[in-house]
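Notes follow the structure.
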Number of protein chains: 2
Amino acid sequence: MALRHAVLAVLLSGEFSGYQLAKVFDTGVANFWYAAPQQLYVELAKLERTGLVDGRLVIQLDRPNKRVYTVTEAGVAELVRFAEVEAKPAVIRDDLLVKVHAVDRTDARAVVAQLEDRAVQAAAKVELFDGTLQTLRGDLDEDAFLATGERIGPYLTCLRGKRFEQENLDWCRRGADLIRARWGAEMRDPGA
Amino acid sequence: MALRHAVLAVLLSGEFSGYQLAKVFDTGVANFWYAAPQQLYVELAKLERTGLVDGRLVIQLDRPNKRVYTVTEAGVAELVRFAEVEAKPAVIRDDLLVKVHAVDRTDARAVVAQLEDRAVQAAAKVELFDGTLQTLRGDLDEDAFLATGERIGPYLTCLRGKRFEQENLDWCRRGADLIRARWGAEMRDPGA
DNA sequence: TTCAACATGTAATAAGTTACATGATTCT
DNA sequence: AGAATCATGTAACTTATTACATGTTGAA
């Protein structure tokens, strides 16, 4: 859709290489914009060609050199334009929910296992986001930071991410318990 | 990714035409699988060619004829296989969150307006899902339905959708308030 | 020396989006 | 007569995914 804007928005927080960006997208940003690492390299190259970001080679002695990017004035202008056009509805595509939707006719045991996996991942994300929030607000408490902090955008999106993962965690646990309660027999005695 | 399985999962609830399916995807299912109507016609045709669904022409006197689809045994088998492979991480792509992430450098007024729009949509979805949940559980209360109901999959995914939209609603309102509180001056005096 | 993390890409394929196209039927 | 809803598609284009490919540096 518009990975371009997601990349520009992240780059507002500082210089990032493709590799660093990939990590950010894999952890924090994935809550509102999923992107694979390969996409990011392609997108950054495109963004630089069109003048929305500046790239700069950083020579590192302790590890391989890298190219880091910053948003240009044209890049900020593009974000401003983007902010003003009507937002499209969010796109969500989640295999696991599809599996749960169909669970009554498929393999309850497999679905429970995946709900448990997802619960563990969600718990980790809750912790991660909590740490990010603390870092962002520094010494201030939440209300003070939101009233006076320099940039509240990343804080707000992180808050949303944390809530989302918290809900995910609760739902996965409850779902797993309920499915287990109903298909307990088959789970102990496969193929029943 | 795999619209195929989402369509099969929905079709487990009964016969649907492409048009009806599009409505279901636009409202309920969009919470875990977004798909445009055009995709569904293509997918149904493909699914029928590969024998995962059966199509049947329904002649209607009061409106145009339609073709309705049901899942075949092969289709159920495909869902079973799908349930057993590891679920990919969920894909989320949300313009509005990108805009909020960048709000400190763009147009706070425009973002607030879109947060308010989204809040209204979220509130409507909460109501919608609440109605769906009531319909699904009939006379039973939630716990009784989840323990004894015929199909709990759709109920569980609907519960997740309702929670998601409830959180969305709260977050949009809070975000709009906070952004307004900080950029109040510019909002009253544009371009300041 | 082997593993993990750092670092960056390309190419083929699959999937999704947007625009275009058509037509029936009911209601106002 | 016109609008709204029902109903179904195709084609061009844009994006995203998967597989492949390569190389550095530090730590065990």
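In what follows, every chain begins at residue 1, and chains take the letters A, B, ... in the order their sequences are listed. Any value given below was found using the heavy atoms of this structure, including those in side chains, with hydrogens, waters and symmetry copies removed. From a predicted model like this one, the values you see are computed outputs, not experimental measurements.
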For [N], does either OP1 or OP2 sit under 4.0 Å from a side-chain N or O belonging to [X]?
X       : N      : answer
A/Arg93 : C/dG16 : yes
A/Lys23 : C/dC6  : yes
B/Gln60 : C/dA24 : no

Report the nucleotide, chosen from [options], that has the shortest atom-to-atom distance to any side-chain atom of [X].
X       : options                : answer
A/Val42 : D/dT24, C/dT10, C/dT8  : C/dT10
A/Gln38 : D/dT25, C/dT10, C/dA19 : C/dT10
A/Tyr19 : D/dA7, C/dT26, C/dT8   : C/dT8
B/Trp33 : C/dT25, C/dG16, C/dT8  : C/dG16

Whole Å only: how far is the [atom1] atom of [X] from the [atom2] atom of [N]?
X       : N      : atom1 : atom2 : result
A/Lys88 : D/dT15 : NZ    : P     : 9 Å
B/Leu47 : C/dA15 : CG    : P     : 12 Å
A/Asp62 : C/dA5  : CG    : P     : 16 Å
B/Arg67 : D/dA7  : CZ    : C1'   : 13 Å
B/Tyr41 : D/dC6  : OH    : C1'   : 8 Å
A/Arg49 : C/dG9  : CZ    : P     : 11 Å
A/Arg63 : D/dA27 : CZ    : C1'   : 12 Å
B/Asn65 : C/dG23 : CG    : C1'   : 12 Å

Subject >> Aromatic ring pairing B/His5/B/Phe82, orientation class (parallel under 30°, perpendicular over 60°, tilted between) >> reply: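 Because their plane-to-plane angle is under 30°, the rings of B/His5 and B/Phe82 count as parallel.
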Original post:
With the threshold set at 4.0 Å, does a side-chain nitrogen-carboxylate oxygen contact exist between A/Arg174 and B/Asp143?
Top reply: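 Salt bridge: yes.
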**OP:** Inspect the contact between B/Arg81 and B/Glu84 and indicate whether a charged nitrogen and a carboxylate oxygen are less than 4.0 angstrom apart.
**Re:**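 No salt bridge links B/Glu84 with B/Arg81.
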**OP:** Taking atom types as modelled, find out whether A/Thr148 and B/Arg182 have a side-chain donor-acceptor pair closer than 3.5 angstrom.
**Re:**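 No - no donor-acceptor pair under 3.5 Å links their side chains.
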Original post:
Do the side-chain N and O atoms of B/Tyr34 and A/Arg93 include a donor-acceptor pair separated by under 3.5 angstrom?
Top reply: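 Side-chain D/A pair, B/Tyr34 to A/Arg93: absent.
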Subject >> 5' precedence on DNA chain D between A/Ala36 and A/Pro64 (nearest-nucleotide basis) >> reply: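 Its nearest nucleotide being more 5', the pick is A/Ala36.
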